[in-house]
Amino acid sequence: MTFQGKPKFRHPSIPTNTLGFTRRDYEGSMSTLCAGCGHDSITAAIVHACFELALPPHRVAKLSGIGCSSKTPTYMLGQSHGFNSVHGRMPSVLTGAYLANRELAYLGVSGDGDTASIGLGQFCHVMRRGVRMVYIVENNGVYGLTKGQFSATADRGSKSKKGARAADEPIDLAALAIQLGATFVARSFSGDKGQLVPLLKAAFGHRGAAFIDVISPCVTFNNHEGSTKSYDYVREHNIAVSALDFITGREPIEIDYAEGAALAVTMHDGATIHLRKLDAEHDFSDRAAALTLLERCRETGEIPTGLLYLDDDVEELHDTLGTTARPLNALTEAELCPGAKALEAINRGLR
Amino acid sequence: MTFQGKPKFRHPSIPTNTLGFTRRDYEGSMSTLCAGCGHDSITAAIVHACFELALPPHRVAKLSGIGCSSKTPTYMLGQSHGFNSVHGRMPSVLTGAYLANRELAYLGVSGDGDTASIGLGQFCHVMRRGVRMVYIVENNGVYGLTKGQFSATADRGSKSKKGARAADEPIDLAALAIQLGATFVARSFSGDKGQLVPLLKAAFGHRGAAFIDVISPCVTFNNHEGSTKSYDYVREHNIAVSALDFITGREPIEIDYAEGAALAVTMHDGATIHLRKLDAEHDFSDRAAALTLLERCRETGEIPTGLLYLDDDVEELHDTLGTTARPLNALTEAELCPGAKALEAINRGLR
Amino acid sequence: MPIEATNDFVIRFANVNGSGSASANLLFAKAILRMGAPIAPRNIFPSNIQGLPTWYEVRVSERGFLGARGGGADMLVAMNAQTFAQDVAALSVGGYLFYDSTRPLPPTMTRGDIAVIGMPLTELCAARYSDPRQRQLYRNMAYVGALAALLDIEVGVLEELIAERFKGKDKLIEANARALRLGFDDAKTRFACPLGLRVRRSEAVGDRILVEGNYASALGALYGGATVCAWYPITPSTSVAESFERLAGRYRVDPATGGKNVAIVQAEDEIAAIGMVVGAGWNGARAFTATSGPGVSLMQEFFGLAYFAEVPVVVVDVQRGGPSTGMPTRTQQSDLILCAFASHGDTKHVLLIPDGPGEAFEFTAAAFDLAERLQTPVFVMLDLDIGMNSHLTEPFRWDDERLYDRGKVLSPRQLDEIVEFGRYKDVDGDGVPYRTLPGGHPTLGAYFTRGTSRDRYARYTEDPAPYVDNMERLALKFETARRLAPAPVLTSAGAPAPIGIVHFGSTAAAMDEALALLADAGLAADALRIRAFPLSPDIAGFVRAHERVFVVEQNRDAQMKTLMTSDLGLDPADLTSILHFGGSPITARFIADAVAARLKPAAAPPILEDVT
Amino acid sequence: MPIEATNDFVIRFANVNGSGSASANLLFAKAILRMGAPIAPRNIFPSNIQGLPTWYEVRVSERGFLGARGGGADMLVAMNAQTFAQDVAALSVGGYLFYDSTRPLPPTMTRGDIAVIGMPLTELCAARYSDPRQRQLYRNMAYVGALAALLDIEVGVLEELIAERFKGKDKLIEANARALRLGFDDAKTRFACPLGLRVRRSEAVGDRILVEGNYASALGALYGGATVCAWYPITPSTSVAESFERLAGRYRVDPATGGKNVAIVQAEDEIAAIGMVVGAGWNGARAFTATSGPGVSLMQEFFGLAYFAEVPVVVVDVQRGGPSTGMPTRTQQSDLILCAFASHGDTKHVLLIPDGPGEAFEFTAAAFDLAERLQTPVFVMLDLDIGMNSHLTEPFRWDDERLYDRGKVLSPRQLDEIVEFGRYKDVDGDGVPYRTLPGGHPTLGAYFTRGTSRDRYARYTEDPAPYVDNMERLALKFETARRLAPAPVLTSAGAPAPIGIVHFGSTAAAMDEALALLADAGLAADALRIRAFPLSPDIAGFVRAHERVFVVEQNRDAQMKTLMTSDLGLDPADLTSILHFGGSPITARFIADAVAARLKPAAAPPILEDVT
Ligand SMILES: Cc1ncc(C[n+]2csc(CCOP(=O)(O)OP(=O)(O)O)c2C)c(N)n1
Ligand SMILES: Cc1ncc(C[n+]2csc(CCOP(=O)(O)OP(=O)(O)O)c2C)c(N)n1
Ligand code: SF4
Ligand code: SF4
Ligand SMILES: [Mg+2]
Ligand SMILES: [Mg+2]
């Protein structure tokens, strides 16, 4: 088998990475998401990170559940195998794939509905199992693909702060991941390429379960009561009884702010979220400190971004299982089948 | 409907509660669990608490999943309706029951397999939804009913401490419950009636989601490597290829220790766990403090028992939903059916 | 020759989703309806949110044939450049192409055998509106105005509809009406109006209403007294729950206290949704969920529990294209077997199979009676075509005398009176036992519900005899269900006919027309519409009474035929399948052609009896 | 008259679970086996861990009839006071009651028509052992010794077995042998040994082995090259995964590195288990899970994905009593329909149906070949009787020349050579497309796997034509599966017989004897054993070739009959069901009686054709 890439002919001025691939080699087919959707920015960041890391595209496997976010693997890494599985169950499918071949890089892409609602159990268990992967949640607080119902994560776009629960207690996936044993846990914002790309690169380098919760505004569904400002116009003009059938393209939100700084980001619907970028002060090696930080920020309504927790001393799933170093899918009869003689001995023991 | 109990005739010297019921009126059919199983001690504590609270038995609904622990509702509260549902899904069944009739007291009984493995998603969501109930996990770290496989909770019986993961990161259900918005979270030990009964009574009085994680030793399955001491004898004597077929009755473990004190408890298999009873110092109204406490104890290998977290200012599910005060299952055509005239108006709107 | 037709044509709108066209198109359809001409609008939409092709087809049929007609459209409103070529290619010979001529149409993009009508819509709107969103929205309104002129739709009717829609918002009424007029007037000046296709005032609609099946089903749940709804979003069932929520917000708020006489929970997934429904049903509330195939798959374990523990449950399954995620925005009738035999072990479930919104309303309301009467899950089998398209339907009716059948629930008083309560005793010989509700009698009637085997007194047992006794009672209960379920509906050819056609569900919309086509071809056929599982013995009678029986289904595997042979003992050799499973609604032409083809003596049936 | 029989009787042990009796009883059974007499031991155990009644039945049959015999036992070893009365009542007339006479037996507790053999076991052990656990364990060993004396079992054989079992632990060997002797000697002095029931050395066993089906299935997975096993504990399937784990610990450790050539994960539930299997199968590993009914219900959605996305998956379903939690420790064949049509939409799955441990081994190994060849889920349909009871079976065999059929996987080299790769193209006309594995070729062959509709090149599409094309290919693939699946096995009556009996799975154990009973009654019958779904056309031939055909099933709803009518187009009227579903294994007597009863002209069949 040849693992070396074979880039097609291209203009010499296009930048290539150490493998000789261009950024285009890490792209996928055209996005069918709404114009301005945060998810597309994340796709771009992943493409960027993989290009810069010079990952051989065919050595990446990309897996997802169901949702707008879970569609994005089609839009990236066209030379990688992908698996758009079923809703909320990507973690188990990815785990199985990882069991079969420990040598590939695994990228799991999910949404907040996919992960925090239907998939919460599998999310928790894949974290505690220490599956080596990069698990990204493209977190918009709604179910995009089914047209805007609330999901179980924080109603980040909501203006209301203290005591403002979107009906039920929001789920903080980063805090859960830390508590459940993920060894690389970060949070970022879809439009913050400056922060997201390095985080992604670090996550791909991590030897265990890496989780990144990426806030990713849904430009189309903004169900936050009292924050319908920019959509009023369209809503009013709508004749259909049913939901929105008019969606205007928006510019994706892009931000750039310094470590340690706070930033208020206005979402497409006019709501504001408050981000705070972690700085060197934050001791990401202290699990309790990370949890406390998240808890305190929850109280103040700020969203900390950056690397929240890292444990480099990882025992990942294959370590725990004591699996052979070779990919299991490459083993043959010789290694796998004990043969007729052994069977005769087994027969003898059963008489 | 008569809600008043009608105790049968009994000897006047048997103590009765304010409703005139004896303790026996809160018992169920005979347990078929192993002699000495911690779950039976919890059953006794529940019977005790309900008796002392003078709950009208028929106004309690008891629900469970599947497992040895989930069988226990049969052994208590014989005059209450019970529902032994399916594995890991008690939370949703209980939620539905609660929606149908908000006036009853709901007792959910589950095991660590039932809750932390297959049921983890539903557990998390029932907590964040604020269902008014007492949710007890009878936590033995194993799957009793399927003969002793590890469950996803801490391998509490294990001697090993720091870094001692039973393959995967153990799940701390109390910490999760707090993080997910449960408003009453406690931990206890099956044999510590002195602590458990008051906690149960308080939980029944709580106006929201009350969770109690009760460590409950399984006398029969003790899979902890290196701690097979007391079972070696039996194992050695077993001819069957298959697992244990010889189980000796044991005395249930009973303990009694003071607030603030630490206690090392020897389990049936000879392993030791370290309990620490919370005292008045612990500020159970501080969520972050409770989480930090649990995290710190995790590091030292101690298990804090007592009321970990309490928030009395509860918005429970029916508050969120704005449901009418009457039980929904008692509404009739008069309240429910808009009638022919309204339908005619609806028809008009559709032309 | 351009097509000439009045009140009998198909117009197809090609749009991009998220462009606001849905509202404009609906306005167009409703105007025709208001003029009294029967219409059947259908949406073909992608499984994404914005930017992909979507089509809206309106069939106008004075004769009242409201199934999808099939074949090309008679007129195309081509508003999507992406699909322009394929849309034009699909137009009928003699058809009309209406397009935005702001940019000139390359000659290669059109055909010689159609009439081409170009209007510079974008240009017209650009001249009038500066805000790009206004431009797009009013462009839609403008083409509706133009169509009114071209098809002779009364512009006053359109204005009336706009006024109703924006009631109280006069500025919006005015703005929309202006855009409408813009298109109308421009068309009048630009083209010879009307075209060969025309709409004419008619009495054919009568008092019928235009409504989506999902809304009708939600309304049925409202009238049927549902108090608990637990659900998880999934296309195409989402609008059942969302409509129920909206209806409940209007009709279920206690005027005195403001409290809601309903509890609606968006669960974390389908397993939780059905679990809540089971819990609520056990506890005496009328509870339901709405879902689609993937949800039905996930709910299997709970269906088995509800069957065996005998808990009333109502499930609205809006079927979509399977298997797996399949074609979420396409229609199929392919969950029959999974629902009929849901869950492991020996289970059989009651299915109600409405033919459209009318029965969706009735059957959903009835499902609650049946579920409580039988203490078992009842499935209402909708499909995407019924559920998400608007159908012309008889107005909903409700008898105010009608009482809910809460089934065999023993009240505390009854418990005091009876000699003995056995939760699973067959007291009445119909296989349906009595139950009690938690919280009722202080000392009598409490029992333990479980999914494991138990005796007649709800006591756990592993003995074969009580297990078999219980399973036989459940089988007997299924026979009771057979008696209670809605009977099939016969459409007789009048004279004795050798051909019988069995069909069900949304196929009904095309069946009258198919029968007419067949009759025209000299093939008189009777049709029997199945409305429930367990199947009525009348179906066996119908099969025996016909020389040749066709079973028309919108799935690949002839699932209803399997149910017929399994449940009624019919010989599969006596049933010829006509299968349509491409995801678009079945058409009369398809049915008639398939029947005719199979009656030709030469035609050997292919192994796989389907056609695209 | 006490029964007289040699190598042809049934002995039943009544115990309390958790009392250590299982080991002792197995020792007893193995001793008879070592003497060369065929045995069929069966466990009847409760769904709890300790303290409830459990029975162990050993049938000794020189003729090799190894199904459950049915009727009363010939001898009862009554070690459970709780069930004493019912156990004694169930003893055959002329049978032997062996009991612990430490406490005297009240006269009401016995019967006049049996022989009563009391031995003060507790007293004997109390005198010798002070530790209560020792008392109990050695009491079990003592009754085995006593039985050896009573039934003429060679005590040397028992000693040999003990020595093998405790090899290397001489103290234990000695202690156990002593307890054995204690019972043996006491019986010799106390009773006239042997009784009318006797065991005699025989050659009838030959080289057959005694093994549980679950172990055999695990061994099949080992030999079949499974490298990933993801599972969740559930009775009665747990021992498949646990045996696999034990076997892998022995045979799958790389001698050089100590690394394991296998990955076994106890998942958090069945959905995760099957998800892992799907992920691993997609990524080129041979992966399987083992589960039972509730697990199959939970896995439905993933089965649909694997069917539609065409991922090889092996599922061992050890069927238990349904529906719902049902009777977890009882046997049934009641998951057929759920597995055959698993998941929503049009799906059909391959089932392999072994008759016992021999085929459990073969079919599990073959399932991996089939799953990879067909790129689809393959179910191995065991049941509790096969899986958790030990059966006398031909020794396992393996051909060292046998290579795994990895199916149509394109290597990077092949990708370089072929003109065009289309993941879902039917290149060979058998409906099975080619796939590639992640990580292989750097630039060719990557494709996107999904559960939604797509074209032949794995590109997402919502067009009807490619959807239908794909669904028809899947149907064609199912026809390929029909050719590849194991053919049915005929047991011919010799002479032409008007009666045909169709059966499958664990019913086989009783079938030879049933045929013999019927032949004795002058009713010669051929039997055909179905071994797979899709069904072989030979089955239709068999049905046509017989005047009267019976289908014997261990379920209530005649599930196989439904498959036969649906899959082969057979007329249900030509198939008479014989249904046994009480949870105990079907017996020859039951089958023979049921066939005979239905052949009596007068007997009108009851609506529900079952008997306890
Ligand atoms: C079993 C199942 N239930 C429901 C659905 C319908 N569904 C598709 S996407 C989705 C929610 C997706 O939300 P999220 O993961 O947040 O993704 P987003 O679209 O917001 O990116 C749902 C409920 C489904 N496909 N499968
Ligand atoms: C869907 C399903 N999967 C698996 C099982 C088998 N099962 C029964 S109980 C149990 C585990 C119970 O463990 P736990 O909840 O810890 O209860 P314990 O017996 O330890 O008290 C399992 C896996 C089942 N009944 N249903
Ligand atoms: S609906 Fe929201 S999440 Fe989905 S593509 Fe559009 S903007 Fe993105
Ligand atoms: S197996 Fe363990 S948990 Fe189950 S009853 Fe016995 S001691 Fe209790
Ligand atoms: Mg989302
Ligand atoms: Mg447990």
Side-chain angles (χ1 to χ4, degrees), chain A residues 1-6 8 56-59 61 63 73-74 78-86 89 91-101 103-104 121-122 125 129 317-318 321-333 335-340 342-344 346-347 350-351, chain D residues 33-34 209-211 219 222-223 225 227-228 230 251-252 254 257-265 267-269 271-272 275-285 287 301-302 305 395-400 403-404 411-412 436-443 446-452 460:
Chain A
M1 277 203 259
T2 38
F3 290 128
Q4 213 36 47
K6 300 191 197 166
K8 308 158 205 134
H58 73 297
R59 303 298 285 170
L63 297 101
T74 324
Q79 296 185 44
S80 306
H81 276 72
F83 198 161
N84 198 179
S85 64
V86 287
R89 320 296 179 185
S92 61
V93 178
L94 191 152
T95 302
Y98 181 54
L99 293 175
N101 184 354
E103 286 185 348
L104 306 186
Q122 293 213 343
H125 284 281
R129 224 167 249 135
L317 181 58
H318 280 291
L321 294 174
T323 328
T324 184
R326 288 175 59 196
L328 291 176
N329 70 357
L331 303 179
T332 65
E333 289 83 355
E335 295 94 1
L336 300 177
C337 186
L343 198 55
E344 202 24 69
I346 287 171
N347 284 330
L350 295 168
R351 280 181 193 126
Chain D
L33 183 74
R34 281 283 169 92
I209 56 176
L210 187 73
V211 63
L219 193 66
L222 182 80
Y223 273 74
T227 51
V228 172
Y251 296 102
R252 283 290 183 76
D254 189 306
T257 65
K260 293 194 193 138
N261 289 328
V262 74
I264 302 170
V265 173
E268 63 270 30
D269 63 14
I271 299 181
M276 291 177 197
V277 170
V278 166
W282 172 75
N283 212 0
E301 192 190 17
F302 262 120
L305 175 69
F396 300 124
R397 299 192 204 288
W398 190 263
D399 176 0
D400 278 335
L403 292 178
Y404 299 151
S411 67
T436 58
L437 297 182
H441 196 292
T443 53
Y447 70 97
F448 207 81
T449 303
R450 45 166 70 83
T452 41
Y460 181 81

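Not measured: the values here are computed from a predicted model. Residue numbers start from 1 in every chain, and the chains themselves are labelled A, B, ... in the order their sequence lines are given, proteins ahead of strands.
Atom CZ of residue D/F448 and atom OG of residue A/S80 lie 10.0 Å apart, to the nearest 0.5 angstrom.
Nearest heavy-atom pair across D/N283 and A/A100 is CB-CB, 3.7 Å. Nearest heavy-atom pair across D/D400 and A/G339 is OD1-CA, 3.3 Å. Of all the heavy atoms in D/A267 and D/M276, the pair that sits closest is CB-CE, 3.9 Å. Of all the heavy atoms in D/A287 and D/G281, the pair that sits closest is CB-N, 4.3 Å.
Note on D/G275, D/G259, D/P395: by heavy-atom pairs under 4.5 Å with chain A, the leading option is D/G275. Considering only heavy-atom pairs separated by less than 4.5 Å from chain A, the leading option among D/I271, D/D254, D/T452 is D/I271. Ranking A/S92, A/P57, A/S85, A/A325 against chain D, the residue ahead of the rest is A/S92, based on heavy-atom pairs under 4.5 Å. No other option in D/W398, D/F396, D/F302 has as many heavy-atom pairs under 4.5 Å with chain A as D/F396. Of the listed residues (A/V86, A/N101, A/T95, A/L104), the one with the most heavy-atom contacts under 4.5 Å to chain D is A/V86. Of the listed residues A/P73, A/G78, A/A61, A/P327, the one with more heavy-atom pairs under 4.5 angstrom with chain D than any other is A/P73. In terms of non-hydrogen atom pairs under 4.5 Å with chain A, the most contact-rich of D/G258, D/G451, D/P438, D/S411 is D/P438. Between chain D and the residues A/T323, A/L328, A/T332, A/L317, the largest count of heavy-atom pairs under 4.5 Å involves A/L328. The most heavy-atom pairs under 4.5 Å with chain D, out of A/R89, A/R351, A/E335, come from A/R351. When the candidates A/L321, A/V93, A/L94, A/I346 are compared by the number of heavy-atom contacts under 4.5 Å with chain D, A/V93 comes out ahead.
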Legend entry - Check against side chain to side chain contact (heavy atoms under 4.5 Å, CB included), A/H58 and D/T443: CA-CA 7 Å; A/H58 73 297; D/T443 53; over 6 Å; no
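Proximity to chain A is limited to the side chain of D/L305, based on heavy atoms less than 4.5 angstrom apart. The parts of A/A342 that come within reach of chain D are both its backbone and its side chain, each placing non-hydrogen atoms under 4.5 angstrom from that chain. Both the backbone and the side chain of D/A272 come within contact range of chain A, with heavy atoms under 4.5 Å apart. At a 4.5 Å heavy-atom cutoff, the contact between D/L219 and chain A is made by side-chain atoms alone. Proximity to chain A is limited to the side chain of D/V265, based on heavy atoms less than 4.5 angstrom apart.
Residues A/F83 and D/V278 form a side-chain contact, since some pair of their non-hydrogen atoms from C-beta on lies under 4.5 Å apart. In this structure, D/T449 and A/H81 have side chains that are not in contact, with every pair of non-hydrogen atoms separated by 4.5 Å or more.
At least one donor-acceptor pair under 3.5 Å links the side chain of D/Y223 to the backbone N or O of A/L343. The backbone N or O of D/Y404 sits less than 3.5 Å from a side-chain atom of A/E333, completing a donor-acceptor pair.
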